[in-house]
Amino acid sequence: MILRYNLFTLLWAAMILLLTLLPSASMPANISLWSLLSFDSFAHAFLFTILIFLMIVGLKKQFSYLKLRHYAIRISLSTSVIFGIAIELMQHYFIAGRQGDIIDVLADTIGCLAGIVLFKWIYVW
């Protein structure tokens, strides 16, 4: 039952993993205000906004595990942030031509928080 409601979440997470682990040319790691506002950061934030929104909805709809339903936002936030960190570590250590970036982790986390706000805006308020 839990897989039924979280199928879109798993498919979206697989798509994020595929897109972020594709090899590409190495980009310089400069930390500045402009790197925070780049297209890449917005893309990360958007992907993780959708991911956490789908995850919260899926966990709230299932009734097999009441603790998951009750703590859906906390579980989704921690899972998504850890997923974002894991992706950056995989990029840094295992993918040639890619490097992990703390700015991407920050963008992922901001996207997660935006997804929570989106969920609350649609379902709670």
Side-chain angles (χ1 to χ4, degrees):
M1 192 63 115
I2 193 167
L3 182 62
R4 175 180 158 194
Y5 292 115
N6 288 295
L7 182 62
F8 289 119
T9 304
L10 293 173
L11 291 174
W12 190 260
M15 186 194 69
I16 291 173
L17 194 62
L18 178 70
L19 290 175
T20 56
L21 294 181
L22 287 174
S24 71
S26 181
M27 296 186 298
N30 57 350
I31 298 178
S32 68
L33 180 62
W34 294 113
S35 66
L36 285 173
L37 300 175
S38 69
F39 173 77
D40 182 53
S41 296
F42 283 116
H44 275 265
F46 174 76
L47 291 173
F48 276 80
T49 298
I50 302 301
L51 176 69
I52 197 165
F53 179 80
L54 290 172
M55 192 180 303
I56 294 170
V57 169
L59 291 177
K60 286 285 191 181
K61 284 186 176 184
Q62 63 87 26
F63 287 97
S64 300
Y65 302 98
L66 294 179
K67 290 232 184 223
L68 288 178
R69 188 171 194 271
H70 182 68
Y71 296 111
I73 293 175
R74 291 179 190 169
I75 292 168
S76 298
L77 179 62
S78 61
T79 303
S80 297
V81 169
I82 290 170
F83 182 60
I85 292 170
I87 285 173
E88 294 305 316
L89 289 173
M90 284 188 278
Q91 282 180 351
H92 187 72
Y93 290 110
F94 300 120
I95 307 299
R98 298 293 299 259
Q99 61 189 21
D101 190 6
I102 194 71
I103 299 298
D104 289 346
V105 173
L106 182 63
D108 297 343
T109 305
I110 290 170
C112 290
L113 297 174
I116 292 170
V117 170
L118 180 66
F119 172 79
K120 288 188 175 262
W121 185 58
I122 291 173
Y123 284 98
V124 177
W125 293 319

Under 4.5 Å between any side-chain heavy atoms of Asp108 and Ser80, yes or no? no
Minimum side-chain heavy-atom gap Phe48-Ile16 below 4.5 Å: yes
Side-chain contact, heavy-atom cut-off 4.5 Å: Leu89 with Ile85? yes
Close side-chain approach of Leu21 to Phe94, heavy-atom, < 4.5 Å: no
What's the separation between atom CG in Leu11 and atom CG in Asn6, rounded to the nearest 0.5 Å? 11.0 Å
Val124 with Leu118, same ILVMFWY side-chain cluster at under 4.5 Å: yes
Measure the spacing between OH of Tyr123 and NZ of Lys60 and express it to the nearest 0.5 Å. 11.5 Å
Yes or no on side chain to side chain contact (heavy atoms under 4.5 Å, CB included) for Tyr71 and Leu59, after CA distance, side-chain angles and deciding distance? CA-CA 9 Å; Tyr71 296 111; Leu59 291 177; over 6 Å; no
Nearest-0.5 Å distance that lies between atom CG in Leu106 and atom CG in Asp101: 9.5 Å
Could you report the tightest heavy-atom contact between Lys120 and Ile73, atom names first, then the distance? CE-CD1, 3.8 Å
Heavy-atom closest contact (Gly84 atom, Val105 atom, distance): O-CG2, 4.4 Å
Give a yes or no on whether the backbone of Phe63 and the side-chain of Arg69 come within a donor-acceptor separation of less than 3.5 Å. no
Restricting to non-hydrogen atoms, name the atom on Leu68 and the atom on Ile2 that form the minimum distance, rounded to 0.1 Å. CD1-CD1, 3.3 Å
Side chain of Gln91, backbone of Thr20: donor and acceptor closer than 3.5 Å? yes
Gap separating the CD1 atom of Ile110 from the CD1 atom of Ile103, nearest 0.5 angstrom: 9.0 Å
Using the rule that Ile, Leu, Val, Met, Phe, Trp and Tyr join whenever any side-chain heavy atoms are under 4.5 Å apart, tell me whether Phe46 and Trp121 fall into a single cluster. yes
Is any side-chain heavy atom of Leu54 less than 4.5 Å from a side-chain heavy atom of Ile50? yes
Just wondering, do Leu77 and Leu113 contact through their side chains at under 4.5 Å, heavy atoms? yes
What distance separates Cys112 SG from His44 NE2, expressed to the nearest 0.5 Å? 12.0 Å
What closest approach, in Å, do Arg98 and Leu19 show between heavy atoms, and which atom pair accounts for it? NH1-O, 4.2 Å
Inter-residue atom distance Ile56.CD1 - Ile116.CD1, 0.5 Å rounding: 5.0 Å
Take Leu3 and Leu10 through the side chain to side chain contact (heavy atoms under 4.5 Å, CB included) test and state the conclusion after the steps. CA-CA 9 Å; Leu3 182 62; Leu10 293 173; 3.3 Å; yes
Backbone N or O of Ile52 within a donor-acceptor pair of the Trp12 side chain at under 3.5 Å? no
Should Phe8 and Val57 be regarded as members of a common hydrophobic cluster, given that ILVMFWY residues are connected when their side-chain heavy atoms come within less than 4.5 Å of each other, either directly or indirectly? yes
Do Tyr93 and Phe83 sit in the same hydrophobic cluster, where Ile, Leu, Val, Met, Phe, Trp and Tyr count as joined when their side-chain heavy atoms come under 4.5 Å apart? yes
Closest heavy-atom pair and its distance - Glu88, Asp104: OE2-CB, 3.3 Å
Show the nearest heavy-atom pair for residues Ala13 and Leu51, with the distance to one decimal. CB-CD1, 3.9 Å
